[in-house]
2 protein chains.
Amino acid sequence: MLREERHQLILERLIQKGKVVATELSQQLQVSEDTIRRDLREMDAAGLLHRVHGGALPKAPAAVRYDDRQLHSIEAKEQLAEKAVSLVRDGQVIIMDGGTTTLRVAERLPRQLSATVVTNCPPIAVALASHPGIEVIMLGGHLFKNSLINIGAATVSALSNIRADLCFIGVYCIHPEIGLSVPFIEEMHVKRQMIASSSEVVAIATADKLGTSSSFIFSPANALSCLVTEPEVSAGTLAPYRELGITVMQ
Amino acid sequence: MLREERHQLILERLIQKGKVVATELSQQLQVSEDTIRRDLREMDAAGLLHRVHGGALPKAPAAVRYDDRQLHSIEAKEQLAEKAVSLVRDGQVIIMDGGTTTLRVAERLPRQLSATVVTNCPPIAVALASHPGIEVIMLGGHLFKNSLINIGAATVSALSNIRADLCFIGVYCIHPEIGLSVPFIEEMHVKRQMIASSSEVVAIATADKLGTSSSFIFSPANALSCLVTEPEVSAGTLAPYRELGITVMQ
DNA sequence: GTATAACACGCATAAACACGCAAATTCAAT
DNA sequence: ATTGAATTTGCGTGTTTATGCGTGTTATAC
């Protein structure tokens, strides 16, 4: 990773997220914190950002502002994404379903990671276009505007030719007995095939999704290898999932 | 391996990967690091790339290049898009190629229009998701990060099942005798099939594209039904296209 | 106030670099 | 073909740059 490359990346992140944290950058870019701090010092001297204790902020305050409620759920999803990313290994073929949480995972994939990502979600494809080590395979189909994912027979058919190592599945509703369900039948078919096409399946679910169900069930809960959820969730709520042999990450 | 040849290769790598590393180039091109460094020094002096410690980066960073191209000659492209939009009729099936100009066309499609758009360009799909009357069919494939379009056998195969009424094709290079050409072979295959799958083909080309050519030719010029270009272009320049039976819009 | 994390500084080290020179290559003209 | 000039390349030399670690200091939170 080149120094200038890092600088550009930090700037990008800064614009996108509105802030950067030194320790996070250090982990994600796989360099020491000293190096990140040096970077931030230099970029501050160059007037490119405003350095603060812990990281840096944009020179001009970020254009986008979140209201408080959104902020909480955004923070939570960032944390979930952070944990989910740790499950990825170099060289894997990874299916990524659509959704805001999986998009966050895609954005956080370490920059030196070399892997293949298969996705039916155009925003994820666009986000990964700037990642040097990731080969992106886009699954075609009807664009389902509600979730910004491609669905339909073409999507399922393309998926059926793939054997992936890992699959990040977006979750609307999850229940230990009922299983995983969605409100639209076409999504059901696609997600079902995603699970069938992958060795390991990881679901990322915020606390409010746990114990809920919807009209179309695409899989029993025990098809999951791993469930990533928020730290606040009680052990009692998670016990049924653990009993099914699912690794629960909090 | 000739010097110029090496320069060419380095530039291609730079565009595709977003960066080049001196030591890697040295190994891959089987020349000493000194030679690579000399190359990079020369190319930097010629303004072809941005040299940094360890290698080189594109003049504009890869992630924002797509947006930068949009900023360049923005008014001209807006005008072209405006004209191109007038060619669309209600109820049509329209193939939209990738590229900044076609993205503009997609954004300008009238809100009450009802049609089906087939595209291999994720940003176009995302842009059209908020359009109430347009059904979007996304063509899958390998994501070609440079142009943000999907390419490869899967894309061509999916296209071959489609009969569209209209096709907006992105143009790198157009020449009345040589035809339409692109710098990458995979793009050639996809664009060729797009033309084959559509009754009418519209090319949108800014003035600087006219009379140029590149390595891979995907179609003769007379495959076009219509060429949309800038008003400033002289009648003399356009005469050869008119003689081929192409409707020229300025 | 105290604990913890973030920070600054100096130093060591390895990688990347510039420069000069000689060998190799290319090209043109004989 | 042969010679010679110009260019290109590889290697040895010494220099600069980037990074990580140890040490001690400052800031922030409880």
Side-chain angles (χ1 to χ4, degrees), chain A residues 1-14 17-59 61-62 68 71-72 75-76 78-79 82-83 85-86 90 108 110-114 132-133 231-232, chain B residues 1-14 17-59 61-62:
Chain A
M1 155 135 292
L2 306 171
R3 186 171 144 274
E4 299 281 340
E5 197 185 357
R6 234 174 24 233
H7 284 200
Q8 289 183 1
L9 217 114
I10 291 172
L11 269 187
E12 259 179 53
R13 270 193 110 80
L14 203 53
K17 309 266 179 180
K19 72 165 181 179
V20 289
V21 178
T23 52
E24 286 179 12
L25 285 175
S26 162
Q27 288 181 359
Q28 282 155 22
L29 306 185
Q30 297 285 311
V31 291
S32 75
E33 294 188 21
D34 274 280
T35 302
I36 295 297
R37 272 191 268 276
R38 262 186 283 251
D39 288 337
L40 296 182
R41 224 178 300 166
E42 288 162 14
M43 294 170 76
D44 183 48
L48 296 170
L49 49 75
H50 175 52
R51 197 174 171 220
V52 296
H53 194 90
L57 296 170
K59 208 76 201 283
D68 291 352
L71 191 64
H72 167 68
E75 293 271 339
E78 290 283 349
Q79 287 174 5
E82 181 74 20
K83 277 172 212 131
V85 160
S86 69
D90 221 59
R108 295 183 87 96
R111 198 165 162 80
Q112 85 290 353
L113 178 75
S114 170
E232 292 79 17
Chain B
M1 157 135 296
L2 277 57
R3 189 170 141 275
E4 293 292 331
E5 202 178 344
R6 236 175 21 235
H7 284 201
Q8 189 93 12
L9 264 163
I10 292 174
L11 268 188
E12 267 182 43
R13 272 195 109 74
L14 200 54
K17 305 268 180 183
K19 72 162 178 178
V20 289
V21 177
T23 52
E24 288 178 9
L25 284 174
S26 160
Q27 290 181 354
Q28 282 153 14
L29 305 184
Q30 295 288 328
V31 290
S32 75
E33 294 188 20
D34 277 271
T35 303
I36 296 295
R37 271 191 267 276
R38 265 186 282 252
D39 288 337
L40 295 182
R41 224 178 300 168
E42 288 162 15
M43 294 169 77
D44 183 50
L48 295 170
L49 49 75
H50 174 52
R51 194 175 175 220
V52 298
H53 193 92
L57 297 170
K59 268 270 160 145

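In what follows, every chain begins at residue 1, and chains take the letters A, B, ... in the order their sequences are listed.
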Using the closest heavy atom to pick a nucleotide of DNA chain C for each, name whichever of Arg51(A) or Gly54(B) lands nearer the 5' end.
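Closest to the 5' end, via its nearest nucleotide, is Arg51(A).
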
Whole Å only: how far is the [atom1] atom of [X] from the [atom2] atom of [N]?
| X | N | atom1 | atom2 | value |
| --- | --- | --- | --- | --- |
| Asp44(A) | dC7(C) | CG | P | 12 Å |
| Arg41(B) | dA18(C) | CZ | C1' | 6 Å |
| Glu5(A) | dA18(D) | CD | P | 14 Å |
| Leu29(A) | dG20(D) | CG | P | 11 Å |
| Asp39(A) | dA8(C) | CG | C1' | 15 Å |
| Glu4(A) | dC17(C) | CD | P | 12 Å |
| Glu33(B) | dT16(D) | CD | P | 19 Å |
| Arg37(A) | dC9(C) | CZ | P | 12 Å |

Output, in order, the C-alpha distance, side-chain angles, deciding distance and verdict of side chain to side chain contact (heavy atoms under 4.5 Å, CB included) for Met1(A) and Gln30(A).
CA-CA 9 Å; Met1(A) 155 135 292; Gln30(A) 297 285 311; over 6 Å; no

With each end axis built from five pairs of C1' atoms, what bend angle do you get for the helix from dG1(C)-dC30(D) to dT30(C)-dA1(D)? Round to 10°.
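Between the first-five-pair axis and the last-five-pair axis there is 50°.
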
Is there side-chain contact between Met43(A) and Leu11(A), with heavy atoms separated by less than 4.5 Å?
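A side-chain contact exists here, since the closest heavy-atom pair is under 4.5 Å.
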
Can you pull every protein N or O that's under 3.5 Å from an N or O on nucleotides 5-8 of chain D?
{"residue": "dT8(D)", "atom": "OP1", "partner": "Arg3(B)", "partner atom": "NH1", "Å": "3.3"}

Val21(A) near the nucleic acid: base, sugar-phosphate alone, or nothing, with a heavy-atom cut-off under 4.0 Å?
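Counting heavy atoms under 4.0 Å across all strands, no contact is made by Val21(A).
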
Within 6.0 Å of CD in Gln27(B), more than 12 heavy atoms from elsewhere:
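Count not over threshold, so no.
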
Have Thr23(B) and Ser26(B) got a donor and an acceptor in their side chains that come within less than 3.5 Å?
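On atom types as modelled, these side chains do not qualify, holding no pair under 3.5 Å.
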
Under 3.5 Å, N/O pairs linking protein and nucleotides 21-29 of chain D:
{"residue": "dC21(D)", "atom": "N4", "partner": "Asp34(A)", "partner atom": "OD1", "Å": "3.4"}

